[in-house]
Novice: 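My structure is below; once you've seen it, I'll send some questions.
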Amino acid sequence: MSSRNRPILELDKADVRRARSLARKVGKPVVDIATKHTTVSVERATLRLAGLSGADHERVPWVNHLVDAVREGVGLEHGVSLPVWDALSRGEAPDLLTLAQKASSRSVDFRIPEAKAATAAGKAARKDVAAGIRTIDKQRAQRDRLITRHGDPKQRPWIYLIVATGDIYEDIPQAQAAAREGADIIAVIRSTGQSLLDYVPEGATREGYAGTYATQENFRLMRAALDETSKELGRYIRLTNYASGLCMPEIATLAGLERLDMMLNDSMYGILFRDINPIRTFVDQRFSRQIHARAGIIINTGEDNYLTTSDAVEAAHTVTVSQLLNEYFAKEAGLEDWQLGLGHAFEINPDLHDSFRMELAHALLARTLFPDAPLKWMPPTKHMTGDVFRGNLLDGFFNLVGTLTGQGILLVGMMTEAVVTPWISDRDIALQNVRYVLNAAGGLTEDFHPPRDGFIQTRARQVLGEAIGLLDDIAAEPGKAPLLEAIADGTFGEMKRPATAGKGLDGVAERADGYVNPAIDLLETGATR
Amino acid sequence: MTPKPTSTGAAADVTELPQVIRPYGDQTGDGMVQVSFTLPMPSGKRAEGAALQLAGKMGIEPAIVVHSKAIGDGFTFFVVYGSVKHLVEPHLVEVVEREFPLLSGKEINTAIKKHLRRKLVVVGACIGTDAHTVGIDAILNIKGFAGEKGLEYHREIKVVNLGAQVLIPDLVERAREEKADAVLVSQVVTQRDAHIHNTTAMSAAFREAFPAGKVPHLVVGGPRFEEGSAGTLGVDRIFGRGTTPGEVASYLVHALVPQGSAASKSKGA
């Protein structure tokens with residue numbers, strides 16, 4: 001984290017404690033539900049860790065075939081590990097791939113093994129899955145080595161740039177060019193439809209809509225290219241993708257295996273903005289965060305989205321609430337403070353009086369509440385118009401808030417936000433804007449101490465107070481899991497998402513007593529074998 | 001927010017404009033414009049010459065390269081100022097006039113109540129892979145857009161917002177269930193003409209699922225649709241960038257509520 005003196009907001013410590021304990025209170029029942037369920041994607045991720053990859057001629061991944069076949073045969077309640085490794089030990093197939101191929105034509109009889117057979121299957125599964133976990137461990141060590149060799153960015157915030165051509169072979173030179181121009185982090189935006197695909201596409205892809213498909217091969221190609229560029233620039237360039245949507249656990253796993261460095265991973269985004277079933281989301285999210293924790297990946301949460309659908313002043317406290325929940329769920333899953341890229345955004349209507357002062361107050365609130373997290377500061381989008389000149393000015397003010405409040409990760413705003421996917425010149429102008437502000441005002445944090453009980457301090461306290469109020473309301477909801485009730489009745493982003501509806505619900509199963517998942521065991525204990 | 005590019009109010013004044021005008025920098029008739037672009041070549045004298053060549057071919061002459069900057073190895077960015085030799089003839093500009101009067105919220109409610117005698121049902125969605133609900137939300141949600149409340153705000157309009165990435169069969173089914181008078185579809189982020197494919201697929205699905213004459217009124221909105229292409233897309237109306245909820249609501253009343261009603265009390269533009 002930044003070594004600069006942190007600006008002081010003088011929040012009431014009791015308020016901060018209360019906010020955290022409320023977040024824990026509403027979050028805990030959801031974690032309890034998550035640990036009582038599994039999903040098709042968690043099971044597929046487990047198979048991927050054990051080394052099963054590839055797809056049939058119609059591009060249906062083998063992990064999907066195998067999980068579907070097990071599910072049809074014996075259900076998902078016990079997990080796929082026992083029935084799959086039991087079938088292998090019975091000689092149904094010599095290896096996982098062959099088993100998946102045979103299972104795809106339903107010519108394998110699965111069973112839930114008992115007694116000795118169960119112990120043996122569990123052991124064999126653990127051995128294979130542990131190999132995947134060790135690959136993730138090795139990749140983490142490799143990242144540490146490369147960071148030592150090439151170095152971290154010289155400045156904070158780290159500069160985060162997006163590429164999104166749809167074609168991985170176009171993305172690569174663009175990403176490399178962006179890094180040469182000053183980007184520290186490259187995010188490859190996914191094709192818009194991908195979050196609702198219940199499988200992970202295979203191979204290098206050249207066709208996407210407003211983004212490029214997240215595939216293991218695309219991850220590998222881009223990481224390899226950025227390794228070259230890191231060497232050339234003497235600065236480790238981080239790579240970001242999206243662990244969200246129906247395949248969150250699998251994408252997180254592939255990211256760990258291919259040494260991605262950051263992943264978008266919000267606790268409620270899929271529920272609210274993609275209408276994915278809440279239980280599915282919380283189960284998938286917990287597994288994916290356990291993977292991220294293990295892989296040393298920094299997560300980025302999606303609080304910016306609340307502000308694009310609601311008013312950024314009225315809804316400021318919903319961002320704080322979401323950050324607190326994201327923090328709780330992340331730490332529960334084993335992530336550390338340095339891995340929490342909690343999100344927030346510059347989305348207040350610029351025509352409002354004092355809009356910039358409010359932005360400063362909100363950004364400082366997040367900074368003060370989460371002093372050790374590398375907060376992710378996101379640029380204006382909602383109030384960007386075709387007026388690119390005004391947009392460039394707004395982005396400059398956004399950059400100023402970012403540097404003044406010591407944000408960790410700065411997503412570079414484009415003046416053409418509302419017009420086109422960024423041109424090469426847009427990116428260049430945007431980076432010039434960032435460089436100017438960081439260079440001209442980077443040290444200003446030192447001088448910037450908002451006066452006691454002035455506008456900024458008062459506004460920040462007010463937002464925290466409203467956040468505590470909302471958490472209180474959520475905690476007061478009826479039922480075993482008040483948070484699920486709150487999500488169901490439209491508390492967040494004005495969207496109602498009941499736990500009994502939403503996409504991907506049919507891929508959720510309640511765990512039986514004999515549920516076995518060696519990946520979860522290895523992740524929770526930290527074991528390597 | 002950006003003002004609407006077409007405004008019926010201003011169009012009436014065309015007779016007051018000169019027959020011929022030129023862009024205005026700081027003196028009438030100077031023809032000054034400013035353009036910026038990138039050429040895929042290394043910066044240098046040749047690149048600046050190339051930028052001037054392009055400006056010349058665009059009708060900007062004389063032109064000055066006021067800024068040129070290398071972007072990476074093989075690209076150069078330019079800002080060019082110059083006088084454009086082309087003339088603009090305002091009276092030859094074709095403007096699609098709004099075919100309906102703008103109504104206030106109260107007029108909209110009254111017209112529906114008095115002449116339709118039930119609630120007007122509107123089903124909205126983003127279809128295809130488009131996950132960007134900003135457009136549909138701006139029109140439908142109470143929150144609204146550009147200071148106007150969304151359709152939900154009108155007590156006589158029942159709004160069903162299905163959100164993002166709705167499958168076309170689901171949209172058709174829901175429209176049938178709700179007995180929708182109108183279906184609003186938004187397409188904001190689009191690549192390779194996805195908005196056109198999605199829209200034609202959507203209109204075809206509705207025509208297939210409903211008997212002739214019973215198809216809900218189909219309206220699409222989004223920044224990439226061309227004015228006047230409603231017919232080819234098989235929809236009834238297209239709305240472009242900057243459309244406000246009030247315009248959509250007024251249009252729906254115009255199109256779906258038997259006339260001879262509130263139209264007389266138009267506020268004009």
Side-chain angles (χ1 to χ4, degrees), chain A residues 164-166 173-174 176-181 189-197 207-211 245 272-276 305 308-311 314-315 349 351 381-390 418-421 423-429 431-432 493-497 502-503, chain B residues 1-3 5 34 36-40 67-79 125-138 140-147 150 152 161-167 170 187-195 197-198 223-224 241-242:
Chain A
T165 69
Q174 289 216 14
Q176 290 179 314
R180 287 185 197 110
E181 294 288 311
I189 288 221
R190 291 197 304 184
S191 180
T192 27
Q194 188 166 359
S195 57
L196 296 183
L197 296 180
E207 179 93 343
Y209 291 98
L272 300 174
F273 298 94
R274 292 286 187 267
D275 194 14
I276 294 174
N305 295 288
T308 54
T309 53
S310 303
D311 181 85
E314 286 166 26
N349 182 349
D351 294 335
T381 57
K382 192 178 172 186
H383 297 285
M384 295 295 272
T385 65
D387 183 348
V388 294
F389 303 102
R390 181 174 179 268
V419 189
V420 287
T421 48
W423 291 354
I424 190 170
S425 53
D426 298 336
R427 213 173 275 137
D428 192 68
I429 290 166
L431 281 168
Q432 176 175 290
E494 296 169 35
M495 276 157 284
K496 296 181 183 176
R497 304 298 192 203
K503 303 181 176 94
Chain B
M1 293 299 131
T2 33
Q34 157 219 55
S36 64
F37 52 85
T38 302
L39 290 177
H67 174 70
S68 85
K69 178 179 181 282
I71 302 181
D73 285 337
F75 296 91
T76 309
F77 175 69
F78 302 93
V79 179
C126 282
I127 58 169
T129 57
D130 191 359
H132 295 73
T133 58
V134 300
I136 197 82
D137 288 342
L140 296 182
N141 288 0
I142 287 189
K143 184 82 202 149
F145 169 66
E152 266 181 356
N161 186 351
L162 301 182
Q165 298 185 340
V166 176
L167 302 175
D170 294 347
Q187 294 276 270
V188 175
V189 170
T190 152
Q191 241 177 18
R192 302 189 187 103
D193 288 340
H195 60 300
H197 302 310
N198 287 340
R224 299 290 172 83
R241 179 181 288 277

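Everything numeric in this text was worked out from a predicted model, so none of it was measured. Protein chains get the first letters and strands the later ones, always in sequence-line order, with residue 1 at the start of each.
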Novice: Below 4.5 Å from any heavy atom of chain B, which atoms of Gln176(A) appear? Answer side chain, backbone, both or neither.
Specialist: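 Contact with chain B involves no heavy atom of Gln176(A) at all.
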
Novice: Could you look at Asp428(A) and say if it's the side chain, the backbone, both or neither that has a heavy atom under 4.5 Å from chain B?
Specialist: side chain

Novice: Is a side-chain donor or acceptor of Glu181(A) paired with a backbone partner of Ile71(B) at a separation under 3.5 angstrom?
Specialist: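 Between the backbone of Ile71(B) and the side chain of Glu181(A) there is no qualifying donor-acceptor contact (under 3.5 Å).
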
Novice: Hey, does Phe77(B) have a side-chain heavy atom less than 4.5 Å from the side chain of Ile429(A)?
Specialist: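 Yes. Closest side-chain heavy atoms under 4.5 Å.
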
